Number of protein chains: 2
Amino acid sequence: MGSSKRDKAETHSRIVRVAAKRFRELGLEGIGVADVMREAGVTVGGFYKHFNSRDELVVEALATAFQDLDRWEERTNTLTKLLEQYLSEAHRDAPGAGCALGALLGDMPRASRSAKAVYTARLKRSLAYTTGILPPSGTSDRRASAILMTSAMLGAINLSRAVTDPDLSQEILQQTRDQLISLYKFAKAH
Amino acid sequence: MGSSKRDKAETHSRIVRVAAKRFRELGLEGIGVADVMREAGVTVGGFYKHFNSRDELVVEALATAFQDLDRWEERTNTLTKLLEQYLSEAHRDAPGAGCALGALLGDMPRASRSAKAVYTARLKRSLAYTTGILPPSGTSDRRASAILMTSAMLGAINLSRAVTDPDLSQEILQQTRDQLISLYKFAKAH
DNA sequence: ATTATCTATAGATCTATAGATAATGC
DNA sequence: ATTATCTATAGATCTATAGATAATGC
């Protein structure tokens, strides 16, 4: 007990990191503040010296999880790489370290207004990123293609995590990936 | 108190109907058994004379919600109608009466094994249905197209419910719908 | 006698708060 | 003196069970 202000900042950061991982794995209601605190190496009593409410942790954890997505988008500069990595079995099996837009998609319709606002802002950035990575097309504008592609990617990663049949799970990832690649790789040819 | 066996069957059906609606609106963890019972016009104490566990209610409610989807697919026989109805603001705003594959997508990765099995079986039927409604294509097989289309539809309806920005919500529905229609309407031309 | 439903509650959560403890930092 | 963290707990859930009540159905 009795820690410095620097220690508090480090504790705070550890709490948010644990939450950013566990919320993606278990959902926004899937873990309580006591368990998050314990995993961060502290006890539950200190929680409200760090956050005014549980929802404040949710919002900070979302922002942190989206920073992982920032870094991933920075390193991923072609359409093929984007799709092969996003719609992979490795990504499917590691939601805690993966895309928070995908992992928390189904939680957002029922999330707090503040959490939805953070999600919405980050989705807009990803739509702009995806628009930029698409090749120019003669028939349909890239913004519309980015929306279709984002819907399909988020839908497919969730479906691949939802089904009990491993063959179907793999088929969903592979076919969505292959269809999107062939669709936009030859976009000019349309 | 003191009701007939027929009354019990009707009570049972009412409980499952309430759950099928509320689970789609609020998520599988979004409402407790006491509130479901109260909405069905009975009290919580009788619950375990109807179900061995809460999860048994979840499984029955899923099956009932999927019957709504059966009926909808039976009445919907063209690709354009399918997409215009599914990716509409009316469907977005009425999850309790809408597609359970969409409403519960994000809950399934963390649901019980029995619930996931019911979801998986119904998804397979919808993939077969969607495959059948697609026009023949020269370049890619219809099964693969059905997977992409289903991923995009489920992703888009969830995104449209997730965002706080009404314009973006509407844009996601409209662009996903228009892109999919133009993609498969002219599939033969590829 | 059996049973469908009721009231009441045990026991296990979970969020939030109160007050103690042991450091930091003026 | 202030504060970061601790132990302990209040109060509000939620699932599941116990036992009472008032009908049904042999």
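None of these values were measured; they are calculated from a predicted model. Here is how names work: the chains are called A, B, and so on, in the same order as the sequence lines, proteins then strands, and each is numbered from 1.
Using a 4.0 Å cut-off, no side-chain N or O of His12(A) falls inside it from OP1 or OP2 of dA4(D). Taking side-chain N and O atoms only, Thr11(A) has no distance below 4.0 Å to OP1 or OP2 of dA4(D). The phosphate of dA4(D) (OP1 or OP2) has a side-chain N or O of Lys8(A) nearer than 4.0 angstrom.
Ion pair Arg143(A)/Glu171(B) flagged as a salt bridge, since at least one NZ, NE, NH1 or NH2 atom sits closer than 4.0 Å to an Asp/Glu carboxylate oxygen. With respect to the salt-bridge test (charged N to carboxylate O, under 4.0 angstrom), the residues Arg22(A) and Asp35(A) do not qualify. Ion pairing of Arg92(B) with Glu89(B) is present here, as a side-chain N (NZ or NE/NH1/NH2) and a carboxylate O approach within less than 4.0 Å. At a threshold of 4.0 Å, the pair Arg113(B)-Asp55(B) does not count as salt-bridged, since none of the basic side-chain nitrogens sits closer than that to a carboxylate oxygen. Salt bridge Asp107(A)/Arg110(B): present, at least one basic N to carboxylate O contact under 4.0 Å.
Proximity note for Val42(B) (side chain, C-beta onward) versus dT5(C), dA16(D), dC6(D): the nearest is dT5(C). Which of dA8(D), dC6(C), dA16(D) sits closest to the side chain of Ser53(B) comes down to dA16(D). Ranking dT15(D), dC14(C), dT5(D) by closeness to the Asp35(A) side chain, first place goes to dC14(C). The side chain of Tyr48(B) sits closest to dA16(D) out of dT5(C), dC6(C), dA16(D). Side chain of His50(A), nearest nucleotide from dT5(D), dC6(C), dT15(D): dT5(D).
One can place CZ of Phe51(A) at 15 Å from P of dT17(C), the figure rounded to the nearest angstrom. In this entry the distance linking NZ of Lys49(B) with C1' of dT2(C) reads 12 Å, nearest Å. The CE atom of Met37(B) sits 19 Å away from the P atom of dT13(D) (whole-angstrom rounding). If you take CG of Asn52(B) and C1' of dT17(D), they are 13 Å apart, rounded to a whole angstrom. A straight line from CZ of Phe47(A) to P of dT3(D) spans 20 Å, rounded to a whole angstrom. In this structure, the CZ atom of Arg14(B) is 14 Å from the P atom of dA4(C), given to the nearest Å. Rounding to whole angstrom units, CD of residue Glu29(A) and P of dC14(D) are separated by 12 Å. When the P atom of dT15(D) is taken as reference, atom CG of Leu57(B) falls 10 Å away, rounded to whole Å.
When heavy atoms are screened at a 4.0 angstrom cut-off, Gly32(B) is found touching the sugar-phosphate backbone but no base atom.
Figure legend. dT5(C) is base-paired to dA20(D); pairs are counted as Watson-Crick or G-U wobble with both atom distances under 3.5 Å.
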